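The block underneath contains the structure these notes are about, expressed in structure tokens.
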Amino acid sequence: MNPRKVMVNMLHQLLKEMEIVTSGGAGYYTCIPFAHRYNKLLEQTKKLFADEAGIVDTFDTVVEADPKDPAEKSKFLLRIRVDTTQLITFLESTGDGA
């Protein structure tokens, strides 16, 4: 099992799940599960690179919050999406064929 490949697949799935939930519109969803899962995957990624300082240190955990305003929810999830795609790119770039 290649941990990087697993992480990339899980991050892609997180993006899909966020898209499914947000496609319902109107902000009738919670952001907490997405923030929680992203933070867990980031934590595991940082463990993979524990002996190396650098780009992985530019990623920060996100606050596990649930804004009530739909516009704020959208901004919150956009941050998670951007960070997730960047994390995928990082893992794919550092892997051996991930």
Side-chain angles (χ1 to χ4, degrees):
M1 173 175 71
N2 181 331
R4 286 186 176 120
K5 284 184 180 181
V6 172
M7 295 292 293
V8 167
N9 288 335
M10 291 179 74
L11 288 162
H12 278 295
Q13 186 62 35
L14 178 64
L15 290 173
K16 287 178 190 175
E17 290 168 358
M18 284 195 307
E19 185 62 34
I20 290 167
V21 169
T22 58
S23 68
Y28 298 119
Y29 53 85
T30 178
C31 297
I32 293 173
F34 302 114
H36 182 73
R37 177 52 46 194
Y38 170 80
N39 287 338
K40 289 287 190 177
L41 294 171
L42 177 59
E43 179 183 325
Q44 291 303 309
T45 299
K46 287 185 175 190
K47 285 181 183 177
L48 283 174
F49 294 91
D51 296 335
E52 304 171 36
I55 295 173
V56 74
D57 295 327
T58 67
F59 292 92
D60 294 320
T61 57
V62 294
V63 176
E64 295 181 21
D66 191 25
K68 300 303 175 205
D69 177 45
E72 290 301 313
K73 281 183 189 278
S74 180
K75 289 178 191 175
F76 188 80
L77 287 185
L78 178 60
R79 178 188 174 200
I80 296 173
R81 279 190 188 99
V82 169
D83 286 356
T84 299
T85 58
Q86 290 295 300
L87 194 55
I88 289 168
T89 301
F90 171 76
L91 286 165
E92 288 176 340
S93 298
T94 58
D96 50 1

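Keep in mind the model is a prediction, meaning the values are calculated, not measured.
The OG1 atom of Thr45 sits 6.0 Å away from atom CG of Leu11, with the distance rounded to the nearest 0.5 Å. Taking CD of Glu92 as the start and NZ of Lys5 as the end, the distance is 11.0 Å to the nearest 0.5 Å. Distance check: Thr94 OG1 to Arg4 CZ gives 4.0 Å after rounding to the nearest 0.5 Å. To the nearest 0.5 angstrom, Glu17 atom CD is 6.5 Å from Ile20 atom CD1.
Side-chain atoms of Asp83 never come within 3.5 Å of backbone atoms of Ile80 as a donor-acceptor pair (strictly under, hydrogens ignored). Judged by distance alone, the side chain of Ser93 and the main-chain N or O of Thr89 form a donor-acceptor pair under 3.5 Å. Judged by distance alone, the side chain of Asn39 and the main-chain N or O of Val62 form a donor-acceptor pair under 3.5 Å.
Taking 4.0 Å as the cut-off between side-chain N and carboxylate O, Lys73 and Asp69 do not count as a salt-bridged pair.
Applying the side-chain contact (heavy atoms from CB on, under 4.5 Å) test to Leu15 and every residue at least two apart in sequence or in another chain returns Met18, Arg81, Thr84, Thr85, Ile88. Taking Lys16 as the reference, nothing meets the salt bridge (Lys or Arg N to Asp or Glu O under 4.0 Å) condition, with sequence neighbours excluded. Every residue was checked against the ring pair (Phe, Tyr, Trp, His ring centres under 6.0 Å) condition with Phe76, not counting sequence neighbours, and none meets it.
Note: the hydrophobic cluster containing Leu14 also contains Val6 (ILVMFWY, side chain heavy atoms under 4.5 Å, direct or indirect links).
With respect to Leu41, the side chain to side chain contact (heavy atoms under 4.5 Å, CB included) criterion is satisfied by exactly one of Arg37, Glu43, Gln44: Arg37.
Side-chain contact between Lys47 and Val56 is absent, with no heavy-atom pair separated by less than 4.5 Å. By the 4.5 Å heavy-atom criterion applied to side chains, Tyr29 and Leu77 are counted as neighbours.
Applying the 6.0 Å contact sphere to NZ of Lys40 captures no more than 12 heavy atoms from other residues, nucleotides or ligands. The number of heavy atoms from other shown groups lying within 6.0 Å of CD1 (Ile55) does not exceed 12.
Of all non-hydrogen atoms in Phe34 and Val21, the two that sit nearest each other are CZ-CG2, 3.7 Å. Pairing each heavy atom of Asp66 with each of Cys31, the nearest pair is OD1-N, 3.1 Å.
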Exercise for the section: Please report the C-alpha distance between Tyr38 and Thr61 in whole Å, then the side-chain angles of each, then the deciding distance to 0.1 Å, and finally whether the side-chain contact (heavy atoms from CB on, under 4.5 Å) criterion is met. Expected result: CA-CA 8 Å; Tyr38 170 80; Thr61 57; 5.8 Å; no
